[in-house]
2 protein chains.
Amino acid sequence: MHAYTSSRIALPSQSAQVGVPGALDGAAPQPISFYPAGSEIYAQGEKAGAFYQIEFGAVRVYRLLSDGRRQISAFHLAGETFGFEADSTHHFFAEAINATGVRAIRLAADADVSRQLLPLALKGLTRAQEHLLVLGRQTAVERVAAFLLDMAERQGGLDPVELPMSRLDIGDYLGLTIETVSRVFTKLKDKGMIRLHGLRNVEIVKHDTLRNISE
Amino acid sequence: MHAYTSSRIALPSQSAQVGVPGALDGAAPQPISFYPAGSEIYAQGEKAGAFYQIEFGAVRVYRLLSDGRRQISAFHLAGETFGFEADSTHHFFAEAINATGVRAIRLAADADVSRQLLPLALKGLTRAQEHLLVLGRQTAVERVAAFLLDMAERQGGLDPVELPMSRLDIGDYLGLTIETVSRVFTKLKDKGMIRLHGLRNVEIVKHDTLRNISE
DNA sequence: CGGGATCTTGATGTTGATCAAATGCGGTGG
DNA sequence: CCACCGCATTTGATCAACATCAAGATCCCG
């Protein structure tokens, strides 16, 4: 078991306001906040008044049990949004995995925001429910295969895939230990299905075989 | 391993339109459809054009792996809503657990619907993400304890709790086998934490102890 | 009252967790 | 550019929790 002490490495610094493509329509452009690796973006229990769009970097959203067990419910990459909540209170923690730039978008209770947020919320809901199948019913190998394919797809099929997170993060996302994740990587490598160019750089060699594994 | 053949026991019959309290504001009242126990409400891949409000009964929403492994992502009870999707295609199956009456609410792409659907989607998202923690990081006993408390809470603290679903359903919701679910029930009973009045009628004796178990 | 389905209980097997140690990657400073 | 150091990762040995396989016991419903 591991302990996750809240790091609070540094407060985010705010940049001057910069025009960036990909911002949500209709929302007033917001300045970017920078978060160093490992720093907290928000904590469970905090008041929520905004959601966030990632300009660069990567974010983990997670929940803790009182004894320190951690479940990462989602990773978010550049271009993705996260942080919307049901009742204006954060139910999860969010941390920058690496140096990350985030645009906070204030919530207004108007119909426009609803209309824009709804598809994002629904997409997140589908993703979470699909991940339930992985955690509830798939083996370690199937979980890792599904994870790698998901990361590849979300990076636009970029090959090799760049994993922004550690093995510990992957384990806490897949409901596995770091050792099991490592063993599965090794097994996939030995079977020639992936190739590792550095710890966080994975080339998917046999896309189809991997897809078959994850069903 | 179990197989889940699609039942399609019967097509739902439609009642005459009846005024029922609890329908969503602003939506035109819709007739109720009746689904017998085990019948399909919608299937994965089907076109989605409505969402559903349960008048009475209970519904399971689930996904299957190709070899038949099943993960129930959510149970829905009377008064609850389900079936909204990100891209007008159903990504899951929904079945009536028992004889169930459902009000289908057609989707219009207007702002009003967005505003009403958003909180429901966000609530569902939070629930799904919390369930990820259960499936990824909790033991069998913790899972069952959390499940019982959740069911109790959703029935308004009604004691004893009425479980509309089988042990198999509970197992497929909690990522456990039917045998493990049964053994945990027995253990909780032997420790005096719950009392069973019939298979599907559970009295929670030690609420706090159960809460401590599930963290 | 009978019979099938559901649930419980028992014996054994397997997967992944845990405990422990070695390896090697990546960043730093010389 | 290279050597060193700390930490993440890998690898190995053992253990525990839950799954699987196999009977029984109950419930429920006609």
Side-chain angles (χ1 to χ4, degrees), chain A residues 1-4 7 36-38 65 67-71 97-99 134-145 147 162-190 194-202 213, chain B residues 1-5 7 9 36-38 65 67-71 97-99 134-145 147 162-190 194-202 213:
Chain A
M1 184 168 317
H2 306 273
Y4 298 89
S7 46
L65 291 171
D67 63 1
R69 280 173 289 173
R70 181 179 71 156
Q71 177 65 43
I97 296 175
N98 297 310
V134 174
L135 293 186
R137 287 302 181 210
Q138 294 201 286
T139 66
V141 176
E142 290 168 341
R143 293 179 202 207
V144 172
F147 168 72
E162 197 64 38
L163 303 179
M165 71 294 285
S166 69
R167 298 287 188 269
L168 181 58
D169 284 340
I170 296 173
D172 282 350
Y173 176 66
L174 297 178
L176 301 170
T177 60
I178 187 175
E179 293 95 332
T180 298
V181 172
S182 178
R183 278 184 246 269
V184 173
F185 269 79
T186 301
K187 180 186 282 186
L188 295 177
K189 192 181 60 179
D190 290 350
I194 62 173
R195 218 168 283 162
L196 291 178
H197 309 287
L199 283 172
R200 297 187 176 190
N201 188 298
V202 183
I213 287 179
Chain B
M1 183 166 320
H2 306 275
Y4 298 89
T5 52
S7 47
I9 290 177
L65 290 171
D67 64 1
R69 281 173 288 173
R70 181 179 71 156
Q71 177 65 43
I97 296 175
N98 298 310
V134 173
L135 294 185
R137 288 301 182 211
Q138 295 201 284
T139 66
V141 175
E142 290 168 343
R143 294 179 202 205
V144 172
F147 168 73
E162 197 64 36
L163 303 180
M165 73 293 284
S166 69
R167 298 285 188 271
L168 181 58
D169 284 340
I170 297 173
D172 282 349
Y173 176 65
L174 297 178
L176 301 170
T177 60
I178 187 175
E179 293 95 332
T180 297
V181 172
S182 177
R183 278 183 246 269
V184 172
F185 269 80
T186 301
K187 180 185 280 186
L188 294 177
K189 191 182 61 180
D190 290 350
I194 62 174
R195 219 169 282 159
L196 292 177
H197 310 287
L199 284 173
R200 297 186 177 190
N201 188 296
V202 183
I213 286 179

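Here is how names work: the chains are called A, B, and so on, in the same order as the sequence lines, proteins then strands, and each is numbered from 1. Nothing here was measured: the structure is a model prediction, and the numbers come from that model.
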Between B:Q71 and B:Y173, the two heavy atoms sitting closest are NE2-O, 3.0 Å

From CG of A:L135 across to C1' of C:dG16 the rounded distance in Å is 14 Å

Per-nucleotide protein contact along nucleotides 9-16 of chain D, 5' to 3', at a 4.0 Å heavy-atom cut-off (B base, S sugar-phosphate only, - neither), is SBBBB---

Checklist entry - Are the side chain of A:R200 and the backbone of A:P164 linked by a donor-acceptor contact shorter than 3.5 Å? => result yes

Angle separating the five-pair end axes of the helix from C:dT8-D:dA23 to C:dG30-D:dC1, nearest 10°, is 50°

Here the distance between atom P of D:dC27 and atom NE2 of B:H197, to the nearest Å, is 14 Å

In whole angstroms, the gap separating C1' of D:dC18 from CZ of A:R137 amounts to 11 Å

note: A:E142, atom CD; C:dT14, atom P; distance rounded to Å ~ 17 Å

The side-chain hydrogen bond (donor to acceptor under 3.5 Å, both in side chains) partners of B:N98 (sequence neighbours excluded) come to none

Atom CD of B:Q138 and atom P of D:dC18 are separated, to the nearest Å, by 11 Å

Next item on the list: Check whether any side-chain N or O of B:T186 sits under 3.5 Å from a backbone N or O of B:S182 as a donor-acceptor pair, and report yes or no.
Entry: yes

Minimal heavy-atom distance between A:V202 and A:F185, with the atoms involved, is CG2-CE2, 4.0 Å

Sorted by chain and residue number, the side chain to side chain contact (heavy atoms under 4.5 Å, CB included) partners of B:R195 (sequence neighbours excluded) come out as B:H197, B:E203, B:V205

Separation of C:dG26 atom C1' from A:N201 atom CG, nearest Å, is 14 Å

| task | Could you check whether B:G171 gets within reach of a base, just the sugar-phosphate, or nothing at all, counting any heavy atom under 4.0 Å? | result | nothing

Rounded to whole Å, the CG-P distance (A:L163 to C:dC25) equals 16 Å

When rounded to whole Å, the CG to P distance for the pair B:L176 and C:dT15 reads 18 Å

Taken in chain and number order and not counting sequence neighbours, the residues that satisfy side-chain hydrogen bond (donor to acceptor under 3.5 Å, both in side chains) with B:S166 are none

Please set out all donor-acceptor pairs under 3.5 angstrom arising from side-chain atoms of residues 134-141 of chain B, sequence neighbours excluded.
from, atom 1, to, atom 2, distance (Å)
B:R137, NE, A:R70, O, 3.0
B:R137, NH2, A:G171, O, 3.1
B:R137, NH2, A:D172, OD1, 2.7
B:R137, NH2, A:L176, O, 2.8
B:Q138, NE2, B:S214, O, 3.2
B:T139, OG1, B:E142, N, 3.3
B:T139, OG1, B:E142, OE1, 3.4

